[in-house]
Amino acid sequence: MNVEKYYIETYGCQMNKADSELIAGMLEGFSCRSVDSPEEADIILVNTCTVRENAEKRAISRLSQFKGLKKKNPDLILGLLGCVAQRNRGKIISEKSFIDIVLGPDSYRHLPEIFNGCKFPLLDVKLSRAEVYEGIIPYRRNKINAWISIMRGCDKFCSYCIVPYTRGRERSRSLKSIIDEVKKAIDDGYREVTLLGQNVNSYKYNNYRFPDLLDAVSGVQSVQRVRFISPHPKDIDNKMLELMRDRQNICNHIHLPLQAGSSRVLKSMNRVYNQREYLSVAEKIHGYLSDVAITTDIIVGFPGEMEEDFLETLKVMDKVVFDSAFMFKYSPRPGTKAALMKDGMSEEEKADRLTRVIEKQREHTLIRNNALVGSVQEVLIEDLSKKDPKEKMGRTVTNKIVIIKEGETEIGDLVKVKIEKALGVSLFGKIV
Ligand code: SF4
């Protein structure tokens with residue numbers, strides 16, 4: 001059986017997107033080429049995520065749609081990868097016999113077996129304490145920003161989160177292999193690298209901690225921008241902030257997941273910080289970095305969240321004035337501690353709280369963005385604008401989207417842009 005063309009669909013978080021690039025890297029190593037439509041492919045892989053409920057449902061239903069393609073091409077291989085595969089283990093193969101491959105996030109090294117006439121189904125969902133995919137070069141389609149996975153798994157065990165169960169315990173790549181990958185990305189023409197981990201600032205390899213890694217990466221010649229996502233508030237330390245202050249090429253943006261404002265709810269979430277500690281971290285960040293953007297994640301309607309707890313979330317938002325936020329209604333993930341907690345709140349109440357945080361965040365985003373009107377920002381041009389291909393889209397160091405209406409520029413350029421307007425989550429400006 002010749003497997004020459006692959007098609008990957010990815011659901012969920014940036015970690016999953018980075019994993020798809022690893023998987024693509026493995027397949028490309030066997031001269032298998034990426035195609036843009038599933039109809040052309042010899043192998044279709046759906047890389048899934050269980051962090052949000054919808055992503056899981058979408059992934060399974062998508063694979064069921066691909067089942068029809070097997071009628072035309074009986075040799076077509078269908079694979080389910082990632083967290084959903086991990087969580088549902090062999091059950092998927094027994095219930096959906098048209099799926100040939102089920103591999104969990106630590107089992108992708110089995111994939112090349114398809115080129116050696118392996119037997120189907122190919123199933124492995126064991127979690128590893130060591131797998132970090134050292135030595136595999138990701139195949140990236142985006143040519144501006146290289147996402148570099150520096151660690152896998154998580155040891156924090158937030159009570160609502162499935163990640164420690166589907167992606168396993170925390171482990172980090174060697175500093176050398178990360179630096180080698182950064183150097184290669186820069187040689188390949190990337191302008192920006194983003195260090196990626198479920199808990200990026202828990203990085204720990206021998207005696208190296210996250211600030212050591214940040215120091216080494218930002219010191220690589222010709223790296224113009226370094227980002228990282230997502231840090232845990234508990235692990236933000238002074239050395240990291242000092243480096244961000246002193247190194248021009250480390251972007252002035254910190255994603256600082258809040259999740260909830262009430263200390264009581266934070267305790268029930270096992271977030272290992274309370275409201276006071278969170279606010280003092282935010283204050284410290286502003287103390288070190290004057291023009292920093294702080295973004296966040298917020299969950300509303302966690303089991304037991306009373307109106308007064310929810311008001312604490314709004315209070316923290318008012319104090320920090322986040323630049324932007326990802327906001328969600330709580331939904332239980334089976335297998336987590338929170339899924340066993342009494343969830344008495346109606347969907348209407350959760351929806352109402354979500355509307356209120358979204359409204360507040362809209363105001364705050366506008367306050368933060370309006371403060372930049374009239375200023376000149378350095379913008380990395382990433383793409384054409386989706387609304388109007390005559391315009392370009394780029395990002396500031398603070399990770400804000402800027403639409404550029406006037407001025408000559410190419411994708412990949414770093415340009416100075418005068419900000420003229422703030423609208424929604426975007427800024428608008430012209431090159432100066
Ligand atoms: S820190 Fe908490 S929310 Fe983030 S991946 Fe780990 S367990 Fe999940």
Side-chain angles (χ1 to χ4, degrees), residues 11-19 47-56 82-84 86-87 104-106 127-129 131-132 147 149-173 194-204 209-210 227-237 240 254-275 277-278 281-282 294-303 305 313 316 322 325-341:
Y11 294 89
C13 66
Q14 195 58 50
M15 272 313 281
N16 247 26
K17 290 180 191 154
D19 274 3
N47 189 13
T48 60
C49 168
T50 52
V51 172
R52 308 257 166 254
E53 196 179 20
N54 284 346
E56 180 172 349
C83 303
V84 173
Q86 172 62 39
R87 203 160 75 87
D106 289 343
L127 286 177
S128 157
R129 289 214 169 213
E131 181 61 271
V132 284
W147 294 86
S149 171
I150 64 163
M151 46 103 61
R152 299 180 74 83
C154 181
D155 283 351
K156 289 284 193 284
F157 287 92
C158 299
S159 63
Y160 53 83
C161 182
I162 195 73
V163 165
Y165 308 99
T166 55
R167 288 190 160 266
R169 306 304 296 265
E170 217 167 85
R171 59 229 117 101
S172 298
R173 283 175 64 186
T194 301
L195 307 179
L196 188 64
Q198 224 82 44
N199 225 325
V200 75
N201 54 339
S202 305
Y203 176 85
K204 184 175 166 195
R209 298 292 184 269
F210 185 66
R227 298 186 185 279
F228 55 89
I229 197 159
S230 278
H232 192 287
K234 192 75 183 169
D235 298 324
I236 300 265
D237 71 356
M240 178 191 113
I254 295 186
H255 188 72
L256 195 69
L258 167 66
Q259 309 302 6
S262 149
S263 296
R264 196 181 67 81
V265 173
L266 286 169
K267 188 156 187 240
S268 170
M269 287 177 161
N270 194 30
R271 284 296 290 175
V272 297
Y273 52 83
N274 59 28
Q275 183 193 100
E277 287 163 335
Y278 181 91
V281 173
I294 302 182
T295 56
T296 200
D297 299 328
I298 292 173
I299 298 171
V300 297
F302 188 75
E305 183 190 77
T313 298
V316 174
F322 296 108
F326 294 106
M327 294 157 282
F328 308 96
K329 275 190 294 183
Y330 170 76
S331 68
R333 313 313 290 112
T336 60
K337 277 196 174 157
L340 302 173
M341 296 176 189

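Order of appearance sets the numbers: ligands from 1, and atoms from 1 within every ligand. The figures here come from the full heavy-atom set of this structure, side chains too, leaving out hydrogens, waters and symmetry mates.
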Peer 1: With a 4.0 angstrom cut-off on heavy atoms, strictly below it, pick out the residues next to ligand 1 and order them by chain and number.
Peer 2: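 Ligand 1 pocket, heavy atoms under 4.0 Å: Cys154, Lys156, Phe157, Cys158, Tyr160, Cys161, Val163, Pro164, Gln198, Asn199, His232, Arg271.
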Peer 1: Determine whether the aromatic ring centres of Tyr165 and Phe157 lie less than 6.0 Å apart.
Peer 2: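 Ring centres of Phe157 and Tyr165 closer than 6.0 Å.
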Peer 1: Rounded to the nearest 0.5 Å, what separates atom OG1 in Thr296 from atom CZ in Phe322?
Peer 2: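 One gets 4.0 Å once the value is rounded to the nearest 0.5 Å.
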Peer 1: Taking side chain to side chain donor-acceptor pair (under 3.5 Å) as the definition, give me every residue that meets it alongside Asn16, ordered by chain and number, with sequence neighbours left out.
Peer 2: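 Once residues adjacent in sequence are excluded, the partners of Asn16 under the side chain to side chain donor-acceptor pair (under 3.5 Å) criterion are Arg167.
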Peer 1: Tell me every residue that passes side chain to side chain donor-acceptor pair (under 3.5 Å) with His255, counting only those two or more places apart in sequence or in another chain.
Peer 2: Thr295, Asp297
Peer 1: What pairs with Ser230 under side chain to side chain donor-acceptor pair (under 3.5 Å), at least two apart in sequence or on another chain?
Peer 2: none
Peer 1: Can you give me the closest heavy-atom contact between Val200 and Phe228, atom names plus distance?
Peer 2: CG1-CD1, 3.9 Å
